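Below, read A as the first sequence line, B as the second, and so on, with proteins coming before strands; counting in each chain starts at 1. As the structure is a prediction and not an experimental result, all values here were calculated from the model.
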Amino acid sequence: MQKIYKIIILICVIISVCFFTTPCKASSNSYRNFNDMVEKAKELNGKNLDIEGEAIGEPLKRGDYTWVNICDGNGTSIGIYMKTKDAEKIKFFGSSKVKGDTILVSGEFRRACKDHGGDLDVHANKVSIEKAGNKILEEVNKSKLLYAAVLTFVAAIISIFCFKRKKNA
Amino acid sequence: MHKESTDFQIINYYTGYVIIGTAVLMIFPILTSLCYGEWNTILDFVISLDISFIIGFAMIRSGKNAIPRAKFEWRHGLIIASLSWVILMIICAVPYSLSGHVGSFLDACFDVMSGFTTTGLVLTQDLDHLTMGLNMWRHILTFVGGQGMVVLALTFLVRDTTGAYKMYVGEGKDIELVPNVRGTAKIIWLISIIYLIIGTFALFIDGIAVVGLKPASSFFHGLFIFMSAWSTGGFAPNSQNILYYHSFSYEVITIVFFIIGSFNFGLHYAIWMGNKKEIYKNIETQSFFITATLTSFMVAIGLVKLKVYPDAVALFRKGIYNLLSAHTTTGFANVYARQFALEWGDLAVIAMIIAMLIGGSACSTAGGFKGLRVGLVFKGIITDVKNLLNSDRKVKVYKYHYMKEKILEDSTVKSAAFIIICYVILFTGGIILGTYYGIPALSAAFESASVTGNVGLSIGVTSPSMPAVLKIYYIIAMYLGRLEFISVFALIAFTAGGIKKLCRRFTK
């Protein structure tokens with residue numbers, strides 16, 4: 001009898017370990033790659049999604065609401081239509097010199113939004129800052145500086161040579 | 001041998017001037033980057049400018065002695081136009097390559113050729129984090145490419161007008177606004193600069209008042225979008241293209257300027273000189289109106305049948321906007337590339353392909369077969385049918401209106417048909433190559449039409465990961481399409497002839 005109980009407990013432990021160590025599949029409604037959303041646009045139309053991306057450019061205020069475009073880091077960006085007070089939480093917008101805030105948006109995905117002339121967009125219900133952005137400090141590339149100096153010298157010599165010969169001609 | 005070296009010297013001399021003239025434009029991105037403190041971008045452009053001056057001055061110096069006694073011929077003009085574009089493609093790719101935003105030098109060359117030819121397809125990565133300086137360069141390339149680098153050099157640098165007309169024609173233009181070709185080049189620039197001021201201002205105001213952009217960024221966005229619209233280039237400073245702005249009014253302003261930009265410079269000049277009736281009488285505007293209406297109907301029927309968009313406003317903003325962008329060969333898009341393939345359906349996609357191939361007006365910034373050629377070929381077919389039905393004793397002269405009344409001759413129709421056939425061959429080659437790489441036929445046809453017609457809309461084929469052979473084919477197709485074949489054929493024949501002579505000398 002004891003043996004049977006031990007076997008049952010062992011089986012329960014094995015099942016529990018398997019269950020808790022299997023990686024969780026991300027919620028099927030959360031997207032980090034916006035290309036997937038475009039590919040599945042018909043299927044996702046009207047559904048609530050969680051999407052995460054870097055705020056880019058600048059907020060485009062339209063009264064009580066604001067457009068914020070967010071980028072997935074793979075070259076695809078999407079427009080988020082959110083309340084202006086939510087947009088004001090975002091401090092950094094991505095550019096060449098700034099890493100924008102990474103925001104998590106929960107909202108309705110629209111394949112061809114009737115309110116916005118058929119745009120593919122997301123109407124946000126909830127916006128939160130996942131990771132704050134920062135300014136990017138640019139270091140001058142010393143090799144480029146050297147190449148630029150040498151080539152400028154060579155170009156100057158050649159142009160002087162050309163103009164001098166032209167004058168003498 | 002003496003004649004061959006004279007040919008090389010003439011070609012080198014003028015090509016050098018075209019290179020210097022275009023390279024000087026790098027001052028604009030340098031100044032932009034200075035304002036924004038983009039130090040590495042400044043170094044990228046200084047390096048590129050130096051390389052341009054070294055090559056340009058060396059070429060001018062190598063050819064200078066031959067110029068006083070040289071006889072400038074048609075082949076020189078054609079080869080200068082086509083060769084300068086190839087050398088400039090390589091030189092102007094240097095800032096892209098140094099920026100770190102392209103996967104390879106080939107990708108950089110692709111983007112430069114896309115800019116010069118006012119196509120608008122993009123392989124540059126992470127556009128949303130590009131420096132202002134590099135964005136300025138991208139848009140200047142498309143603005144200058146629309147006018148023509150030879151036109152630029154003729155306007156500002158080349159004092160010697162011998163052969164100037166032959167170089168001008170070599171770049172795919174043949175309209176003479178005034179008897180002197182330098183005068184014509186200056187007028188083309190004057191028209192473009194005046195519209196640049198008006199267009200940038202309109203977009204600047206709308207950008208602040210409606211879109212919600214800040215003043216400084218509204219100015220730069222307005223400038224970039226105008227340069228792209230006028231040159232029917234299609235570049236935009238952000239990855240979402242026109243969709244970034246989420247604005248109907250911004251889209252309407254771009255429609256006005258890209259349609260105007262697709263018109264013949266001769267038409268602009270005629271209207272400025274008070275001849276407003278030209279806009280109705282001109283065979284190209286008539287042809288554009290007919291083909292734009294027909295293809296718009298096709299797109300609308302296709303989209304309505306599949307219930308792609310919820311209402312008429314969305315149908316106009318997405319369907320008609322992208323159709324007009326395709327027909328004028330602009331390439332502005334407010335839908336994602338894959339949406340054409342996944343949502344639009346075959347009828348609407350075929351309408352887009354037809355519109356892209358027909359293209360805009362001759363002697364404008366637009367690409368494609370050109371409305372003039374389409375109009376001439378159709379009129380030629382109609383007159384042939386009429387002649388068959390008429391009595392043999394009846395001789396009728398048919399005319400068409402293109403700036404002035406002209407007689408419709410067989411040779412004119414034949415020339416137009418020849419160029420259309422060349423475009424069709426190029427288009428077909430793109431489909432065959434695309435399908436070889438596993439791209440569905442309709443998508444391959446869409447992308448090939450976009451490339452051949454210098455449009456810039458993508459159905460999702462153009463990407464940094466596409467095969468190198470396809471990238472090279474697209475570069476060649478954009479180049480051939482923009483220069484309208486003849487000057488490139490002349491360059492190939494000249495190069496082949498030179499290589500043949502070298503081989504003969506070597507084997508003797």
message = Testing the 3.5 Å rule here: is there a donor-acceptor pair between the side chains of H221(B) and E58(A)?
response = no
message = Within a 6.0 Å radius of atom CZ on F105(B), are there more than 12 heavy atoms belonging to other residues, nucleotides or ligands?
response = yes
inquiry  = What's the separation between atom CG in N40(B) and atom CD in E138(A), rounded to the nearest 0.5 Å?
reply    = 4.5 Å
request  = Would you mind reporting whether T76(A) and Y336(B) have side-chain heavy atoms less than 4.5 Å apart?
outcome  = yes
query = Is the NZ atom of K305(B) crowded by more than 12 outside heavy atoms at less than 6.0 Å?
reply = no
task = Go through the atoms of I78(A) and report whether side chain, backbone, both or neither lie under 4.5 Å from a heavy atom of chain B.
result = both
task = Let me know if V150(A) has heavy atoms under 4.5 Å from chain B in its side chain, its backbone, both or neither.
result = neither
key: Side-chain donor-acceptor contact under 3.5 Å, S77(A) with D128(B)   = yes
request  = Any chance you could measure R111(A), atom CZ, to Y309(B), atom OH, to the nearest 0.5 Å?
outcome  = 7.0 Å
key: Check: H246(B)/N69(A) side-chain N/O donor and acceptor closer than 3.5 Å   = yes
query = Is chain B contacted by the side chain of E39(A), its backbone, both, or neither, given a heavy-atom distance below 4.5 Å?
reply = both
Region of V335(B) in contact with chain A, defined by heavy-atom distances below 4.5 Å = neither
query = How far does CG of L98(B) sit from NZ of K144(A), to the nearest 0.5 angstrom?
reply = 5.5 Å
ask   = So which part of Y245(B) gets closer than 4.5 Å to some heavy atom of chain A, the side chain, the backbone, both or neither?
value = backbone
ask   = Crowded around F92(A) CZ? As in, over 12 foreign heavy atoms under 6.0 Å?
value = yes
key: Heavy-atom check, side chain of R317(B) versus side chain of D119(A), under 4.5 Å   = yes
Heavy-atom proximity to chain B below 4.5 Å, by part of K61(A) = backbone
